[in-house]
Amino acid sequence: MAIRWLTLILIFTSAVFLTGCWNAREINELAFVMGIAVDEAKDNKVKVTVQMAKPSTFSKSPTGGSGGDKEKLFWVATAEGKTLFEAIRNMATFSSRRIFWSHNKVILIGEKLARRDISNILDFFTRNSELRLRTWVVVVPGEAGQLLEKGPNMEEDPATSMEKVIAGRALTGKSYATMLKDFTDDYLSPATYPVTGKLTVAKGQSQPAIKLEGAAVFEKNKLAGWLDEQETRGYLWLKNTIGNPVLVVPCPSGGEPMSIEVTMSKVDFKSHFKGQQPYLTIMVKTSGNLGEQKCNIDFTKPEKRREIEKALETTISKDIQSAVKAAQQDFGLDFLGFNHIFHRQQNQKWYEIGHRWPQMFKEMEVSIQVDAKLPRVTLFAKPLESMKQPQPGSGEE
Amino acid sequence: MGNPQDLAIREITLASDDEIKAAIIALGGLADKDIINQHILNTLMLDIRFQKNQGREEIFQRIKKYGISNFKLKEDQTIDEIIQEVISGDTIFLLDGVDKALSVGSRGWKDRSVAEPITEGVVRGPRDGFTETIRTNTALIRRRIKSPDLRIHGVKVGERTLTDVLLVYLEGVAKQEVVDEVMHRLQRIKIDGVLESGYIEELIEDNPLSPFPQIEHSERPDKVSAAILEGRVAILVDTTPFVLIVPTVFIQFIQASEDYYERFYLGTMVRMVRIIAFLLSVTLPSVYIALTSFHQEMIPTPLALSIAASREGVPFPAIGEAILMELTFEILREAGIRLPRPIGQAVSIVGALVIGEAAVQAGIVSQAMVIIVALTGICSFAIPAFNAAIAGRLLRFPLMILASILGLFGILAGLSVILIHMCGLRSFGVNYFSSVTTVTPQDFKDVIIRKPWWAMLTRPAMITGDTPQRVEPGLKPGPEHNSENKE
């Protein structure tokens with residue numbers, strides 16, 4: 001028994017030691033990539049800009065770190081190559097540490113390159129085992145690399161602050177972003193047009209800041225164009241991912257606008273055919289809270305409340321219309337995914353008309369029905385201003 | 001016996017004219033002087049007078065009947081028996097001309113009084129602990145279990161030490177096969193001496209090479225009594241306060257007697273904490289090594305960066321650092337145990353932290369590693385059973401080496417080996433993991449959770465014999481219901 005064990009242990013340990021530590025690398029021998037930007041360079045080359053964290057300055061030094069030297073917490077390096085992989089490997093020529101990709105947060109794609117071809121980017125980033133598929137992919141108008149230098153204001157490095165900005169996009173509902181896995185899925189799917197976020201530098205800030213606005217629409221491997229904020233919001237409604245944005249709704253009585261925060265939303269589609277013409281009904285159900293208002297209307301009355309709901313419905317409907325219009329007229333691309341709805345709901349017919357879809361889509365009719373509710377009556381206090389005015393007939397109370 | 005210096009022989013005369021000689025033999029220190037003086041010498045020399053002409057045998061019998069006022073009195077026939085009795089602390093009465101001896105129970109040596117057990121302190125619960133005297137220990141158990149079914153069987157183990165070893169169990173509750181097996185294994189032992197129950201433990205264990213203890217020990221009478229009530233067998237060994245409990249399953253090592261005295265929520269939570277602590281004490285350093293030198297992608301980014309920052313400038317790889325620090329910690333702990341007071345343990349922790357602090361300042365080890373080592377150490381203190389904690393301490397090192405070579409894969413391989421080994425262990429016919437991987441779900445009531453007493457209806461099925469019922473069902477306190485509504 002003992003000998004058997006001993007032999008086993010010996011075999012095991014020797015096997016273990018013979019392999020050596022081929023894959024071991026200490027954590028402090030790595031350069032953590034936080035964000036990468038890919039741009040087009042001269043001579044058909046690819047320019048890669050990488051922002052890496054500098055751990056030595058990351059830790060809060062116990063001896064009071066607020067000293068004079070404001071050393072940057074990150075390092076931005078650039079390399080070029082004929083292919084993306086080569087460019088990245090070229091970084092090793094000047095990076096003292098092994099470049100480590102697993103903590104990458106964002107992939108920025110420069111507009112020029114995006115308009116030409118992004119297939120090699122997607123291929124490389126999904127093929128590489130070190131990269132996560134949960135990385136955000138965004139497009140940058142102009143040069144992407146320069147965005148990685150824009151000083152972060154709250155976070156330690158620009159890439160982290162980009163990640164947080166993207167994560168907080170549901171608060172405004174004016175922008176969109178996709179992770180690499182979803183982007184690649186859409187890219188690989190024959191009838192889907194990938195849509196992702198657009199990162200720019202915010203204007204009018206005292207310090208340079210990064211802003212996520214609108215969205216970028218791709219036609220296969222090329223950037224087709226941008227969506228503005230209203231179109232993006234319409235797109236979000238249609239994708240059922242609107243989140244909890246604040247909608248600015250005009251006052252029914254013509255006063256100043258009010259803000260309504262969306263708390264719940266649900267979108268359903270109903271497809272028909274009018275003869276050979278496809279026809280789509282979009283049904284939106286939503287509810288919200290009144291967040292701010294300066295309309296001098298007494299909202300406690302149900303019919304007045306209905307007026308606000310009407311106004312909200314119109315606003316949402318306009319948003320969706322703008323997205324549909326952009327898809328049908330500006331782009332002529334079904335990036336809204338209507339083809340999937342018809343494929344699902346009108347399966348038989350789809351096989352007859354599917355091949356004519358791109359043309360049919362541009363001409364199809366779309367009707368939008370919005371059902372908005374403001375259920376929380378208790379929040380319907382009268383506007384603060386109107387309380388100051390003497391109410392007719394309110395008496396002493 | 002030779003002529004030992006501590007052997008006291010007092011020759012006396014029973015009749016007035018030196019005719020009837022007698023002697024009293026006892027070992028100084030082991031026999032209680034008061035008993036000898038009061039109950040033997042006093043009566044023999046002052047109260048009873050014998051006639052010259054009385055037969056020696058008659059005198060002997062009269063002394064046996066009237067002369068010695070001691071509860072324990074026995075007639076010995078052979079020299080061997082006499083020697084036995086003397087060595088054990090009894091007093092021997094010899095009468096000239098009679099080939100028999102009387103042994104008078106006078107065992108009474110200086111022993112430690114019943115004190116609070118140092119190794120198993122409680123906040124709530126009885127504070128008496130076993131002593132080195134086996135008689136006191138049986139009394140402590142008897143005081144708790146007054147059932148006439150309590151059985152105490154004795155064996156003498158150790159050819160030179162002749163140590164008393166007692167089996168204590170509840171007839172009808174403990175499995176007879178287990179009792180027989182324990183007895184069989186005890187009788188098998190041929191050894192010159194038994195100085196502590198650890199000797200017995202190692203000689204009757206099922207798998208003597210395993211790092212895991214398969215026999216629980218305790219110096220708390222309440223804990224031992226609880227085990228006896230569950231149907232286990234307690235093995236008391238003279239000259240040590242540590243009582244062995246068999247059969248033992250692994251989960252017993254993370255149970256403390258206090259779990260059963262405090263509210264069951266606390267008992268449950270504390271148990272979960274202990275399980276986590278045990279797992280951490282085994283795996284924490286190795287997981288840290290694996291993550292920092294192989295799987296950096298598994299660490300959340302901010303943590304990865306701060307670990308990288310703290311390792312900046314550290315000359316050793318993570319495994320070197322870890323072994324250095326763990327070794328330092330073990331040395332300090334060992335040193336601390338030998339310090340006179342239990343405070344020594346605290347001193348050693350402080351020492352480790354101070355050394356750790358200095359080492360970090362000097363850039364020899366990283367702060368993260370000091371945290372890991374300190375946490376591991378504290379985790380191993382959180383396990384109530386010292387002997388189980390030792391297993392964790394030992395297994396930590398191979399796991400660390402595996403982690404440094406193969407990463408998480410190595411840890412998994414190591415843990416699998418450990419787990420397979422533990423699943424294969426048995427303690428007196430009971431699987432080591434039987435309360436965790438139980439086929440009888442009701443046994444789970446006392447493993448990770450501690451059910452309240454009114455719900456602990458049965459004894460553990462893997463241990464108890466024919467009488468599983470323990471608590472009457474329906475005892476949950478509450479407003480009175482109609483009895484029909486009760487189950």
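Below, chain A is the first sequence line, B the second, and so on; all start at residue 1. Keep in mind that this is a model prediction, so the values were computed, not measured.
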Residue among A:Glu130, A:His103, A:Arg25, A:Glu26 satisfying side-chain hydrogen bond (donor to acceptor under 3.5 Å, both in side chains) with B:Gln296: A:Arg25
Among B:Val417, B:Thr292, B:Ile299, residue most engaged with chain A (heavy-atom pairs, under 4.5 Å): B:Thr292
Short side-chain donor-acceptor distance under 3.5 Å, A:Asp157 and A:Gln51: yes
B:Ala304, part contacting chain A, at a heavy-atom distance under 4.5 Å: both
Contact class of B:Pro300 relative to chain A, heavy atoms under 4.5 angstrom: backbone
Pairing of A:Glu213 and A:Lys198 as salt bridge, 4.0 angstrom limit: yes
Ring-face cation contact, B:Phe428 with B:Arg185, 6.0 Å cut, 45° max: yes
